[in-house]
Amino acid sequence: MSAMSARAPAAPGIDVSAVRADTPGCKEVLHFNNAGAALPPRAVTDAVLQYTAREALVGGYEAAEAAVGEMQATYDALALLLGAQRHQLALIENATRAWDMAFYGMPLARGDRILTCRSEYASNYLAYLQVSRRRGVRIDVIPDNEYGELDPEAAARLMDRDVKLIAITHVPTNGGLVNPAEAIGRLARAAGCYYLLDACQSVGQMPLDVGAIGCDFLSSTGRKFLRGPRGTGFLYASERALAEIEPPFIDGHAATWTAADTFELRGDGRRSRPGCDLAARAGARRTPARAALAASGCRAARPGTHALRDRELRVPGHRSGSGQSGAGTRAHQRLRHRCRVDPHRHGQPRHSLARPGIGALLQHRGGGRCAGRGRRGPQFCELHL
Ligand SMILES: Cc1ncc(COP(=O)(O)O)c(C=O)c1O
C-alpha cells in the first residue's frame with residue numbers, strides 16, 4: 001500500500017492516508033474495482049448496520065420515521081454535489097431504474113428519433129431497441145471523433161425536428177473516455193429536445209453541475225465513486241422535465257387518489273401544479289442503504305470531487321496520450337480526458353488479476369453492440385490505485 005502511495009502523490013484537499021485509514025477494506029485488499037463498486041468508508045457500513053439493527057428493534061416503519069433527517073441529508077448532499085435542488089432528486093434502487101424512470105416516461109411516437117452514442121451503456125441501448133420496436137421510433141448513433149468521444153459536430157449534423165431525445169453515457173463503463181456532456185447540452189437546448197445523461201460512472205469521480213451540462217435528466221448510482229452502499233441510485237430532473245414528463249408508472253407514494261375516478265400527481269410545497277416533486281413521485285422510501293448514502297462521499301460534495309479529479313490527473317501516466325503499459329494493463333493512446341474505468345463485465349471473457357489481497361476483474365474488450373459498428377473506443381482497461 002505504501003508503494004502505491006509513493007507512486008500517486010497526494011493532491012491538496014484529500015488526505016489519502018486518512019481516507020484509507022477510514023476504509024476498513026484497505027487493510028484487506030488492493031481494490032482496483034472502484035468503478036464497479038468501491039470499498040465503502042466505515043461511516044457508510046456503520047450507518048447501514050445501525051439502521052438495520054434499529055429496524056430489528058423497533059420495526060421497519062418506525063425506523064423509517066426516525067430516519068427522516070438522514071434521508072433529508074442524503075437529498076441535500078446529492079443536490080449540493082450536482083448543483084441541483086432537493087426537490088429535483090429522486091432516490092431509486094439503482095442507476096438503471098433511475099434511468100428507466102426518465103426514459104420510459106418520454107413521450108416518443110412513431111417517426112421520432114433518439115440520438116445516442118457508440119459508447120452507450122448496453123442496458124440503455126436495449127431500452128431504445130424495445131421502444132423502437134413498440135412505437136416505431138428511430139435510433140441514430142452519433143459518430144465518434146478521432147479521440148473516441150462522441151463528436152458534437154457530427155451530432156449537430158444529425159439534428160432535425162424529429163429528434164425528440166438525445167440520450168448518452170457520460171463516462172462509458174469501460175475504456176475510461178469522457179464524452180462531451182456540456183456540448184451535447186448546448187445542442188439539446190438549441191433544438192428544444194430532451195437530454196438524458198447516464199452519469200453512472202462520472203458522478204463523484206469528477207465535478208459535475210447539472211446547470212452547466214444542461215441535461216433534463218441525469219441518472220447515477222451510490223456505490224461507485226460516492227462509495228455509498230449498493231442498492232442506491234438516483235435521478236435528477238430539470239424544472240422543465242418535472243413540469244412536462246410524467247413518470248412511466250405511479251403508486252400511492254407518487255399520487256393522491258382524489259375521488260373514485262381521479263388522481264393527482266403529488267407536488268411539493270413550493271409548486272402548485274401536480275407532479276412536481278419527483279422524489280415523492282418515485283416513492284421516497286426510506287431504507288438502510290438510502291439513509292446510509294448520506295454518510296458516503298456525496299457528503300463531501302463538490303470540493304471533494306475537484307480534489308479527486310486533481311489527484312487522478314496527478315497519477316503518473318494519467319495524461320492524454322501517455323499510452324503507458326503495465327502488468328496486465330495498457331492505456332489507450334487516443335483518449336483526451338481519461339478517467340477510471342470499470343474492469344469487470346458480465347458475460348465477457350475475463351482475465352482476472354484477482355489473487356489474495358488484490359480485488360480486480362479485468363475485461364479485454366468494451367461491451368455493447370455499437371462497438372461492432374465502428375466504435376473507436378479502447379480495447380484495454382487501465383487500472384490505478
Ligand atoms: C454507464 C453505466 N450506466 C449504468 C450502470 C448501471 O448501474 P446499476 O447497476 O446501479 O443499475 C452502470 C454500471 O456499472 C454503468 O457503468
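In listed order, ligands and their atoms are each counted from 1. Below, each value reflects all heavy atoms present in this structure, side chains not excepted, and no hydrogens, waters or symmetry copies.
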To the nearest 0.5 Å, what is the distance between [atom1] on [X] and [atom2] on [Y]?
X      : Y      : atom1 : atom2 : value
Gln205 : Lys224 : CD    : NZ    : 10.5 Å
Thr169 : Glu120 : OG1   : CD    : 3.5 Å
Cys117 : Asp151 : SG    : CG    : 12.5 Å

Does Lys224 approach ligand 1 within less than 4.0 angstrom via side chain, backbone, both or neither, non-hydrogen atoms only?
->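 The answer is the side chain.
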Of the side chain and backbone of Thr169, name the one, both, or neither that has a heavy atom under 4.0 Å from an atom of ligand 1.
->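 The side chain, only.
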What atoms of ligand 1 come closer than 4.0 angstrom to any heavy atom of [X]?
X      : answer
Ala95  : 7 (O), 8 (P), 10 (O), 11 (O)
Thr173 : 1 (C), 2 (C), 15 (C), 16 (O)
Gln201 : 14 (O), 16 (O)
Thr221 : 10 (O)

Output yes when the distance from some N or O of ligand 1 to some N or O of Arg223 is under 3.5 Å, and no in every other case.
->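 There is such a contact, yes.
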Can you figure out which of Asp100, Thr96, Val171 has its heavy atom closest to atom 6 (C) of ligand 1?
->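 Among Asp100, Thr96, Val171, the closest heavy atom to atom 6 (C) of ligand 1 belongs to Thr96.
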Is Ile114 close to Leu108 at the side-chain level, that is, under 4.5 Å between some pair of heavy atoms?
->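 With C-beta onward as the side chain, the pair touches.
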Could you tell me which residues satisfy salt bridge (charged side-chain N to carboxylate O under 4.0 Å, His left out) with Glu244, sequence neighbours excluded, listed by chain and number?
->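 Result, salt bridge (charged side-chain N to carboxylate O under 4.0 Å, His left out) vs Glu244: Arg240.
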Among residues two or more places apart or on two chains, list those pairs meeting salt bridge (charged side-chain N to carboxylate O under 4.0 Å, His left out) that have a residue in residues 121-140.
->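 Those involving residues 121-140 are Arg113-Asp140, Arg138-Asp140.
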